[in-house]
Amino acid sequence: MPELPEVETVANGLHKRVAGDRIESVWLGPKKEPLKSLPEEIIGALEGAKIRGVRRVGKHIVFDLRGARSDKGHWIVHLGMTGRMVVSAPQEAIAPHTHAIARLASGRELRFVDPRRFGRLSVVREEFTGPGTEPLTVGLDEFIALFRGRKTPIKAALLNQKLLHGVGNIYADESLFRAGIRPRRHAGRLSRDELKRLHKSLRKVLNEAIRLGGSSVSDYVDADGDEGFFQLRHRVYLRTGEPCFVCKTPIKRIELAGRGMHYCPKCQK
DNA sequence: ATACCGACCTGTCAGC
DNA sequence: TGCTGACAGGTCGGTA
């Protein structure tokens, strides 16, 4: 479900709804995959803590906390492929695959739901900066330097969270199309001009997707339960065999490291 | 250090 | 109707 624009939309929605609220108690489900910190650490950090704010770092949702006794801490949520963070009234039915519930002083509940269990919950004390560089604010020179000397395909480099964090399969494919670059090109062999186009198209695609509330491909919804609209603007992602909007050539799908990638064989060199 | 690949999970949809 | 296989927004650890 979630790449940078979706996580940004969810984090902003959560901030509006729960900033200033207090976590009174926490329930954790029996499955242990979703928990990256020990259950007692999560409960210890969350129970009694005030939510100062909610924001996005990379693909992570960060709840900034002020604990009951500890001064600060952060609740980090990664949604994986199918994770959702929803604000619910207590009487609402518990959805299948609910792994954590935080009961708030306002009477509402924050629920973490994740069928595939690729999502992760953790708590940290220190400031959370994420694994890589923020794609929305990275400057051109720093952007170019990230790829210097790398033999890996540019598509794989865009997905590498230690370089730029927040870019996933949709926005990698879409930004490469708009930059006219084939996904298998070696990252280190792209010209300065090509990287300049990619830098621009990536930020443009991400910002446009944020404006439209993200992409709802199958089940993504934001904190209010609303779908995004950027899927209507996809030019290559999941459009295998359909005509390119620019040149009518059928969009190709190839596999790299077990993941699908989509591109126009004529528009992308 | 770097790069590929399978593993981790469940759900949905198309085809037989 | 029901089975099977392909595919899905992501990351990790083992191996070359």
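Numbered from 1 within each chain, the chains take letters A, B, ... in sequence-line order. Just so you know, these numbers use all the heavy atoms, side chains as well, and skip hydrogens, waters and symmetry mates.
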Checklist entry - Reading DNA chain C 5' to 3', what string of ( ), [ ], | and . shows its pairs, if Watson-Crick and G-U wobble pairs count only when both distances fall under 3.5 Å? => result .|||||||.|||||||
Item to check | A:Arg150 versus A:Thr152, side-chain donor and acceptor atoms under 3.5 Å | outcome: no
Next on the checklist: Any side-chain N or O of A:Thr152 below 4.0 angstrom from OP1/OP2 of B:dT2?
Outcome noted: no
Next on the checklist: Apply salt bridge (charged side-chain N to carboxylate O under 4.0 Å, His left out) to residues A:Arg103 and A:Asp21 and explain how you reach the verdict.
Outcome noted: CA-CA 10 Å; A:Arg103 301 178 192 90; A:Asp21 214 330; over 6 Å; no
Next on the checklist: Once ring-ring contact (aromatic ring centres under 6.0 Å, His included) is applied, what residue pairs with a partner in residues 241-269 of chain A remain, sequence neighbours excluded?
Outcome noted: A:Tyr237-A:His262
Checklist entry - Between B:dC4, C:dA8, B:dA3, which nucleotide has the shortest distance from any of its atoms to the side chain of A:Pro153? => result B:dC4
Checklist outcome for this item: A:Leu256 CG to C:dA8 P, in whole Å, measures 13 Å
Next on the checklist: Let's see if you can work this out: which of B:dC4, C:dG10, B:dA3 has an atom nearest to the side-chain heavy atoms of A:Arg150?
Outcome noted: B:dA3
Item to check | N/O donor-acceptor pair under 3.5 Å between A:Arg108 side chain and A:Leu104 backbone | outcome: no
Checklist entry - A:Phe230: what forms a ring pair (Phe, Tyr, Trp, His ring centres under 6.0 Å) with it, not counting sequence neighbours? => result A:Tyr171, A:His234
Next on the checklist: From CD of A:Glu6 over to C1' of C:dG10, roughly how many Å is that when rounded to an integer?
Outcome noted: 13 Å
Checklist entry - CZ of A:Arg52: more than 12 outside heavy atoms within 6.0 angstrom? => result yes
Next on the checklist: Checking A:His165 now: which residues fulfil ring pair (Phe, Tyr, Trp, His ring centres under 6.0 Å) with it, not counting sequence neighbours?
Outcome noted: none
Next on the checklist: Between P on B:dA14 and CG on A:Leu238, what's the gap in Å once rounded to a whole number?
Outcome noted: 13 Å
Checklist entry - For the residue pair A:Phe143 and A:His199, is the inter-centroid distance of their aromatic rings smaller than 6.0 Å? => result yes
Under 3.5 Å, which protein N or O atoms sit close to an N or O of nucleotides 6-12 of chain B? Give each pair with its distance.
from   : atom 1 : to       : atom 2 : distance (Å)
B:dC9  : OP1    : A:Glu33  : OE2    : 2.7
B:dC9  : O3'    : A:Arg117 : NH2    : 3.1
B:dC9  : O2     : A:Arg116 : NE     : 2.7
B:dC9  : N3     : A:Arg116 : NH2    : 3.2
B:dT10 : OP1    : A:Arg117 : NH2    : 2.6
B:dT10 : O3'    : A:His97  : NE2    : 3.4
B:dG11 : OP1    : A:His97  : NE2    : 2.6

Checklist entry - Salt-bridged, A:Glu174 to A:Lys204, with N to O below 4.0 Å? => result no
Close N or O pairs between protein and nucleotides 11-16 of chain C (under 3.5 Å):
from   : atom 1 : to      : atom 2 : distance (Å)
C:dT11 : OP1    : A:His78 : NE2    : 2.7
C:dT11 : OP2    : A:Lys59 : NZ     : 2.7

Checklist entry - Atom CD of A:Glu255 and atom P of C:dA6: how far apart are they, to the nearest Å? => result 10 Å
Item to check | Gap between atoms CD1 and C1', on A:Ile170 and C:dG10 respectively (whole Å) | outcome: 12 Å
Item to check | Nearest-Å distance for atom pair CG/C1', residues A:Asn169 and C:dC7 | outcome: 12 Å
Next on the checklist: Check A:Asp224 with A:Lys16, please: is the shortest side-chain N to carboxylate O separation under 4.0 Å?
Outcome noted: no
Item to check | Whole-Å distance separating the CE atom of A:Met261 from the P atom of C:dC7 | outcome: 14 Å
Item to check | A:His60 and A:Phe128 aromatic ring geometry - parallel, tilted or perpendicular at 30°/60° bounds | outcome: perpendicular
Next on the checklist: At 4.0 Å (heavy atoms only), tell me whether A:Tyr237 reaches a base, stays on the sugar-phosphate, or touches nothing.
Outcome noted: sugar-phosphate
